[in-house]
Student: 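Questions regarding the structure given below will be posed in turn.
Values below: every heavy atom of this structure, side chains too, minus hydrogens, waters and symmetry copies.
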Protein chains: 2
Amino acid sequence: MLATCRAPDGQGQIHAQCDAALVWKGGEILWTGPDAALPAETSSLETSGDAENRLVIPGLIDCHTHLAFGGWREDEFEQRIRGISYQEIAARGGGILRTVSATRSASDEELSARCLKWLAEMAALGVTTVEVKSGYGLTVEQELRILRIYARLKQKQPVRIVSTLLAAHALPQKFLGNRAGYIRQVAQNLIPEVARQKLAQFCDAFVEDGAFTADEARTVLQAGMDCGLRPKLHADQLSDSGGAALAAELGCISADHLDCVSEDGIRRLARSGTVAVSLPLASLYLGRPPAPARSLIDHGVPVAVATDFNPGTAPSFHLPLAMLLACTLQKMTPCEALKGATLYAARAIGEEERCGSLEPGKRADFVIIDAPSVNHWIYHFMANRPVATFIAGKRVEAADRGE
Amino acid sequence: MLATCRAPDGQGQIHAQCDAALVWKGGEILWTGPDAALPAETSSLETSGDAENRLVIPGLIDCHTHLAFGGWREDEFEQRIRGISYQEIAARGGGILRTVSATRSASDEELSARCLKWLAEMAALGVTTVEVKSGYGLTVEQELRILRIYARLKQKQPVRIVSTLLAAHALPQKFLGNRAGYIRQVAQNLIPEVARQKLAQFCDAFVEDGAFTADEARTVLQAGMDCGLRPKLHADQLSDSGGAALAAELGCISADHLDCVSEDGIRRLARSGTVAVSLPLASLYLGRPPAPARSLIDHGVPVAVATDFNPGTAPSFHLPLAMLLACTLQKMTPCEALKGATLYAARAIGEEERCGSLEPGKRADFVIIDAPSVNHWIYHFMANRPVATFIAGKRVEAADRGE
């Protein structure tokens with residue numbers, strides 16, 4: 001079964017066809033359609049194999065990760081289970097700032113090696129494009145360093161990388177008592193330099209009690225837009241802090257988390273065409289209700305599904321598990337979750353022209369999954385269902401996958 | 001780090017040691033303890049390797065599965081997401097009776113081949129012992145057939161199999177209007193034959209609206225006990241139907257599910273020494289709150305964690321995922337979940353003398369996991385963390401693992 005996941009027709013329509021063929025050349029899809037209707041001119045192309053009765057889907061896109069970080073925080077996982085709040089852990093020296101410290105003291109080589117291993121494991125899960133955020137540097141130099149590590153990763157392995165500057169992730173300790181100073185540094189020094197060096201396509205900010213206010217985020221994202229960085233927003237994760245409204249106001253390409261989004265916020269997102277990025281792993285790990293995906297979909301907001309991979313609140317990059325949670329915890333159907341992890345995820349990172357669906361002219365990024373249907377794949381959760389991942393028409397080999 | 005998981009000391013104590021050694025011979029553990037204290041007489045034994053800084057745990061035990069079944073029910077997964085209840089799906093011809101029909105029409109070879117594949121994949125996840133229930137036959141002949149398939153699986157692959165007769169799983173269609181007739185057939189014909197052929201060690205029943213009453217289950221389990229089959233019970237899954245009280249009254253070795261167990265039921269289980277088997281995957285897939293694990297533990301009830309693998313409500317045999325859910329949804333610590341999937345799981349299937357912990361005299365069933373600690377393993381959920389699974393001292397090879 002070939003699930004093309006092409007637009008339009010809404011979240012649940014994946015345009016699946018049986019007895020279908022996918023034709024590609026030089027990394028680009030030329031044609032998809034019924035086997036029986038294969039155009040004559042494709043007969044000169046090499047046949048690369050029969051997926052038999054397996055499922056073929058567009059390469060999965062993880063449109064929200066914090067990939068480069070030092071250390072881990074598995075002790076905080078146990079602390080949260082024992083009832084200590086995220087905010088309390090941060091006050092004790094845990095949380096984001098602990099990872100900032102571990103990241104700053106890790107070498108480029110160490111951070112890069114960790115990312116390479118994880119990207120290979122993501123590819124084995126069927127992921128072909130990953131959005132990666134900075135945000136554990138929190139100085140001009142450290143944020144640039146992380147973005148440069150991401151830039152070099154693009155050359156070193158096949159998974160596509162899309163970079164986002166998230167300097168407004170947490171207030172660095174040095175600026176306690178001088179919030180405006182940090183915002184100014186980000187807006188006036190860091191953002192122009194990131195844009196000049198073309199190190200990121202997007203600028204993101206975390207609006208929340210304990211992170212940044214809507215006004216601070218507006219200043220940062222506006223500075224980003226002035227330099228050509230498109231805005232994204234961590235919005236309404238732990239409280240309804242006006243994140244969705246701000247994302248709509250600024251025309252953010254995505255508003256992420258949204259666990260606490262209001263009805264009014266949902267309406268605004270629908271009008272602005274912003275993609276809602278749902279991150280159910282973070283909700284699971286925090287023990288909180290996830291974003292109201294059904295209400296978002298019913299209001300016409302496209303809902304992407306991603307992992308939020310980070311060492312605190314979502315320490316797993318298992319995107320198919322996030323999709324299972326979207327189905328079980330958020331009542332998205334498997335087809336809706338698939339469109340959320342392909343076409344709508346591509347839209348959330350401005351890649352819809354290049355990937356996210358199996359259509360002529362797009363990259364030949366696709367995955368062969370050992371399941372007869374999308375429902376079966378998501379429902380019969382196994383360690384690893386993909387039998388092959390292709391990026392730009394080339395099969396990702398076991399060596400690339402770190403095996 | 002060597003987590004021996006030995007008794008006693010309660011759910012959270014796993015007796016982990018760093019710089020530790022595990023000595024085994026002929027499939028049996030001879031000694032564990034600090035490297036530095038290795039007894040002189042072990043120096044004549046071959047050294048089988050250094051786990052480096054990895055985690056070594058007892059082989060995982062999945063103490064509740066419905067392993068042999070025909071077909072799948074992935075369409076019902078989507079139906080439940082769309083709001084159709086489990087009971088409504090059953091009334092439309094879905095549910096357990098649909099799997100009964102698919103199982104009856106599958107050949108021995110087909111059922112056996114499916115089980116072999118899954119057992120190999122379970123071993124790759126670190127599972128070394130699996131409890132397997134009948135219950136999709138629902139005639140004397142078909143239930144015996146499934147138990148015989150299980151008996152033959154013991155010879156065909158290395159994972160240990162413990163069999164349970166679950167003829168009181170659902171009322172077969174033929175006996176609609178003659179409930180007493182089915183109970184009589186099970187108690188008088190099937191159970192004695194299962195005992196005579198030594199095809200099961202346990203007898204189980206499903207007490208629930210739409211399945212069997214407490215009195216019917218009592219008749220079945222009493223008949224089992226008369227023939228030497230120890231009782232288990234599917235109790236208080238969808239409603240508080242007196243299951244825990246019945247399990248305590250009969251001295252069941254385990255009471256499974258317990259999502260809706262009452263405070264009184266918990267107290268009774270604590271007094272009877274019954275193991276509570278928590279099945280959080282089933283709760284997740286059904287979109288219902290899981291068993292109150294914290295309250296059970298606080299009352300002194302040992303809580304095992306298992307998958308409930310079946311084609312309806314828990315179509316995954318990923319035991320480490322069930323453990324992650326025990327932590328995130330039920331607030332068990334990772335160490336508590338580990339003891340629940342090793343020592344207490346062994347207790348739930350009467351295997352505590354043979355496995356479930358790394359202690360002299362027990363089988364050398366253990367797993368080397370690519371993680372520095374139990375917290376890290378459970379928290380950083382990856383597709384597959386074990387680097388090697390050993391059963392009775394022998395490494396399960398990739399061929400056995402179906403790779």
Side-chain angles (χ1 to χ4, degrees), chain A residues 12 72-83 117-118 121-122 124-125 281 283-288 294 307 309 311-312 314-318 320-322 324-337 371-386 403, chain B residues 12 72-83 117-118 121-122 124-125 281 283-288 294 307 309 311-312 314-318 320-322 324-337 371-386 403:
Chain A
W72 289 98
R73 297 191 340 243
E74 70 270 28
D75 49 342
E76 295 178 14
F77 177 61
E78 183 176 338
Q79 288 162 17
R80 282 202 311 274
I81 289 168
R82 293 185 184 278
K117 179 168 178 272
W118 299 332
E121 286 167 357
M122 288 167 148
L125 290 166
L281 279 164
S283 313
L284 177 79
Y285 275 92
L286 286 170
R288 299 170 59 94
R294 281 258 61 86
T307 64
F309 179 51
S316 177
F317 49 71
H318 203 304
L321 175 58
L324 173 64
L325 296 175
C327 295
T328 51
L329 299 177
Q330 299 179 283
K331 306 296 176 202
M332 290 173 71
T333 66
C335 289
E336 288 175 337
S373 70
V374 178
N375 276 359
H376 196 284
W377 169 40
I378 299 296
Y379 137 99
H380 177 32
F381 181 83
M382 287 169 60
N384 219 325
R385 299 285 292 274
E403 282 169 6
Chain B
W72 290 98
R73 294 184 351 237
E74 70 270 28
D75 49 342
E76 295 178 16
F77 178 62
E78 182 175 339
Q79 288 162 16
R80 282 202 310 274
I81 289 168
R82 292 186 184 278
K117 178 168 178 275
W118 299 332
E121 286 167 357
M122 288 168 150
L125 290 166
L281 279 164
S283 312
L284 177 78
Y285 275 92
L286 285 170
R288 301 170 57 95
R294 282 258 61 85
T307 64
F309 180 50
S316 177
F317 49 71
H318 203 304
L321 176 57
L324 173 63
L325 296 175
C327 295
T328 51
L329 299 178
Q330 300 180 283
K331 306 298 175 201
M332 291 172 72
T333 66
C335 288
E336 288 174 337
S373 70
V374 178
N375 276 359
H376 196 285
W377 169 41
I378 299 296
Y379 138 99
H380 178 31
F381 181 84
M382 287 168 60
N384 220 326
R385 299 286 291 274
E403 281 168 5

Student: Out of Leu324(A), Leu325(A), Thr328(A), Leu281(A), return the one with the most heavy atom pairs under 4.5 angstrom to chain B.
Tutor: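 Top count of heavy-atom pairs under 4.5 Å with chain B: Thr328(A).
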
Student: Does Arg73(A) offer a backbone N or O that forms a donor-acceptor pair with the side chain of Tyr379(B) under 3.5 Å?
Tutor: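 Yes.
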
Student: Rounded at 0.5 Å granularity, tell me how far SG in Cys335(A) sits from CD in Glu78(B).
Tutor: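 Answer for the SG-CD pair, Cys335(A) versus Glu78(B), is 6.0 Å.
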
Student: Are side-chain heavy atoms of Phe77(B) and His376(A) found at a separation under 4.5 Å?
Tutor: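 No, side chains not in contact.
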
Student: Do Leu321(A) and Leu321(B) have side-chain heavy atoms sitting under 4.5 Å apart?
Tutor: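 Answer yes - side chains close enough.
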
Student: With sequence neighbours left out, what residues match Ser283(A) under side-chain contact (heavy atoms from CB on, under 4.5 Å)?
Tutor: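 So Ser283(A) forms a side-chain contact (heavy atoms from CB on, under 4.5 Å) with Asp259(A), Pro290(A).
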
Student: Sort Pro320(B) into side chain, backbone, both or neither according to what part of it lies under 4.5 angstrom from a heavy atom of chain A.
Tutor: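 No part of Pro320(B) comes within 4.5 Å of chain A.
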
Student: According to salt bridge (charged side-chain N to carboxylate O under 4.0 Å, His left out), who are the partners of Glu74(B), at least two apart in sequence or on a separate chain?
Tutor: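 For Glu74(B), no residue satisfies salt bridge (charged side-chain N to carboxylate O under 4.0 Å, His left out) once neighbours in sequence are set aside.
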
Student: So what's closer than 4.5 Å to chain A heavy atoms on Ile378(B): side chain, backbone, both or neither?
Tutor: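 When you check distances to chain A, atoms from both the backbone and side chain of Ile378(B) fall under 4.5 Å.
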
Student: Apply the test side chain to side chain contact (heavy atoms under 4.5 Å, CB included) to residues Leu284(A) and Phe381(B): give CA-CA distance (whole Å), side-chain angles for both, the deciding distance (0.1 Å), then the verdict.
Tutor: CA-CA 12 Å; Leu284(A) 177 79; Phe381(B) 181 84; over 6 Å; no

Student: Closest approach of His318(B) and Met382(A), non-hydrogen atoms and distance?
Tutor: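 The answer is CD2-C, 4.3 Å.
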
Student: Please flag which part of Leu125(B) lies under 4.5 Å from any non-hydrogen atom of chain A: side chain, backbone, both or neither.
Tutor: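 Side chain of Leu125(B) only, per the 4.5 Å heavy-atom cut-off to chain A.
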
Student: Could you look at Arg294(B) and say if it's the side chain, the backbone, both or neither that has a heavy atom under 4.5 Å from chain A?
Tutor: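 Neither part.
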
Student: Roughly how far apart are Thr333(B) OG1 and Arg80(A) CZ, rounded to 0.5 Å?
Tutor: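 Reported value, rounded in 0.5 Å steps: 14.0 Å.
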
Student: On the 0 to 90° scale, with breaks at 30° and 60°, tag the Phe317(A)-His380(B) ring pair as parallel, tilted or perpendicular.
Tutor: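 Plane angle over 60°, so perpendicular.
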
Student: Here's a test for you: under side-chain contact (heavy atoms from CB on, under 4.5 Å), which of Lys331(A), Glu336(A), Gln330(A) qualifies with Ile81(B)?
Tutor: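 Only one of Lys331(A), Glu336(A), Gln330(A) forms a side-chain contact (heavy atoms from CB on, under 4.5 Å) with Ile81(B), namely Lys331(A).
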
Student: What residue in Ser373(B), Gly287(B), Pro311(B) has the most heavy-atom pairs under 4.5 Å with chain A?
Tutor: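 Option with the top pair count is Pro311(B).
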
Student: Pick one of side chain, backbone, both or neither for Trp118(B), based on which atoms fall under 4.5 Å of a heavy atom in chain A.
Tutor: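 Trp118(B) touches chain A through side-chain heavy atoms alone.
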
